[in-house]
Amino acid sequence: QRRASDKRSADIQAAAPEMIDHLISGLQSGLSLNESLAGLGKRGPEILAPYFKTFQENLYLTGDFNRELERAKAQLAQPSTDLIIEALLISKTLGGTELMSILRLLGNFIREDLALRREIEVKQNWIKNSAHLSASAPWVLLLLLSTQRSTTEAFSNGAGIMILFSGLLMTVIAYIWMNKLSEIPAQARIFAGDR
């Protein structure tokens with residue numbers, strides 16, 4: 001369940017720059033903002049299509065652009081789409097003379113942010129794998145040494161069993177601690193709240 005949710009989040013985040021490209025393309029071709037957003041349901045990134053088809057249907061029913069865009073923002077629930085939708089809401093309220101330059105700037109920012117997060121994830125995975133190897137190495141070595149009779153005798157008495165148990169306990173604690181430290185915190189949604 002959590003893995004599917006994480007994948008959905010990552011897919012939506014990755015589609016945000018393409019969403020901006022589609023909006024810019026639509027606006028440059030003379031479409032209104034409403035039409036450009038509705039077009040995301042047909043020609044936009046596949047992961048975003050259901051949300052913007054719903055947006056288009058609801059907009060035709062209610063005619064309330066801001067409310068339907070807020071609803072789409074709540075359904076997408078991602079920091080990058082929050083930024084895009086807030087930029088659109090502000091431009092709709094204050095007038096959209098600078099909307100194209102804001103969208104381009106936002107697209108560059110989101111692309112750089114995604115590239116940086118990918119780099120962090122690659123390095124984090126490398127460190128995590130090294131930590132897993134470090135945790136398992138002593139036990140693999142002990143397994144190899146256990147083929148010798150002297151090692152088996154050394155760990156078959158009470159003190160030896162206590163040492164093994166203590167080592168196992170410390171390895172488990174270190175493993176849990178390493179996994180906790182290696183988690184990349186989720187991006188905060190600055191514009192998560194409704195207006």
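No hydrogens, no waters, no symmetry mates; every other heavy atom, side chains included, goes into these values.
For the pair P17/L114, a side-chain contact is recorded, criterion being any heavy-atom separation below 4.5 Å from C-beta on. Proximity of F65 to L33: side-chain heavy atoms (C-beta onward) are separated by under 4.5 Å at one or more points. Counting heavy atoms from C-beta on, the side chains of R117 and Q13 never come closer than 4.5 Å. With contacts defined as side-chain heavy-atom distances shorter than 4.5 Å, the pair I85/L89 qualifies. Looking at heavy atoms from C-beta onward, K128 lies out of side-chain contact with K123 at the 4.5 angstrom threshold. Using a 4.5 Å heavy-atom threshold, the side chains of L133 and N129 count as separate. Counting heavy atoms from C-beta outward, L23 and L88 have side chains that approach closer than 4.5 Å. A 4.5 Å side-chain heavy-atom check between M100 and I24 finds at least one atom pair inside the cut-off.
Closest non-hydrogen pair, L40 versus P45, comes out as CD2-CD, 4.2 Å. Here the shortest heavy-atom pairing between G41 and F52 reads N-CB, 3.7 Å. Closest approach of A15 to I47, counting heavy atoms only: CB-CG2, 3.6 Å. Contact between S36 and G26 at its shortest, heavy atoms only, is OG-C, 3.5 Å. The heavy-atom pair separating L106 from A87 by the smallest distance is CD2-CB, 4.1 Å. The minimum heavy-atom distance between S146 and L143, with the atom names listed, is OG-O, 2.6 Å.
Hydrophobic clustering, with ILVMFWY side chains joined whenever heavy atoms are under 4.5 angstrom apart, groups L103 together with F109. Tracing side-chain contacts under 4.5 Å through hydrophobic residues (I, L, V, M, F, W, Y), one reaches I163 starting from L142; they form part of the same cluster. The cluster map of Ile, Leu, Val, Met, Phe, Trp and Tyr, joined by side-chain heavy atoms under 4.5 Å apart, puts L69 and I102 in different clusters.
Salt bridge present: K7 and D11 bring a charged side-chain N and a carboxylate O closer than 4.0 Å. A salt bridge is defined here as a Lys NZ or Arg NE, NH1 or NH2 lying under 4.0 Å from an Asp or Glu carboxylate O, and D21 with R111 meets this definition. The pair E70-R67 fails the salt-bridge criterion, with no side-chain N (NZ, NE, NH1 or NH2) lying under 4.0 Å from an Asp/Glu carboxylate O.
Not one N or O on the side chain of S25 forms a donor-acceptor pair closer than 3.5 Å with the backbone of H22. With R8 contributing its side chain and L76 its backbone, the two residues share a donor-acceptor pair below 3.5 Å. Judged by distance alone, the side chain of E18 and the main-chain N or O of G44 form no donor-acceptor pair under 3.5 Å. Looking at E35, its side chain does come within 3.5 Å of a backbone N or O of S32 through a donor-acceptor pair.
Dense packing is recorded around CH2 of W139, with more than 12 heavy atoms of other residues, nucleotides or ligands lying under 6.0 Å away. Other residues, nucleotides and ligands place no more than 12 heavy atoms under 6.0 Å from the CD atom of E46.
Once rounded to the nearest 0.5 Å, the distance linking CD1 of I84 with CE of M19 reads 4.5 Å. Atom CG of L116 and atom CZ of R118 lie 10.5 Å apart (nearest 0.5 Å).
Cluster partners of M170: none. The rule joins Ile, Leu, Val, Met, Phe, Trp and Tyr whenever side-chain heavy atoms lie under 4.5 Å apart, and it links nothing here. Grouping Ile, Leu, Val, Met, Phe, Trp and Tyr by side-chain contacts under 4.5 Å, direct or through others, puts I173 with L169.
S91 and E98 share no side-chain donor-acceptor pair at under 3.5 Å. With hydrogens and angles left out, the side-chain atoms of T54 and Q75 include no donor and acceptor closer than 3.5 Å.
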Inset, instruction - Dump the intermediate steps for salt bridge (charged side-chain N to carboxylate O under 4.0 Å, His left out) on K53 and E57, then the final yes or no. - result: CA-CA 6 Å; K53 280 178 186 166; E57 289 162 8; over 6 Å; no
Criterion side-chain contact (heavy atoms from CB on, under 4.5 Å) on L37 and L59, from CA distance to verdict: CA-CA 11 Å; L37 284 163; L59 187 60; over 6 Å; no
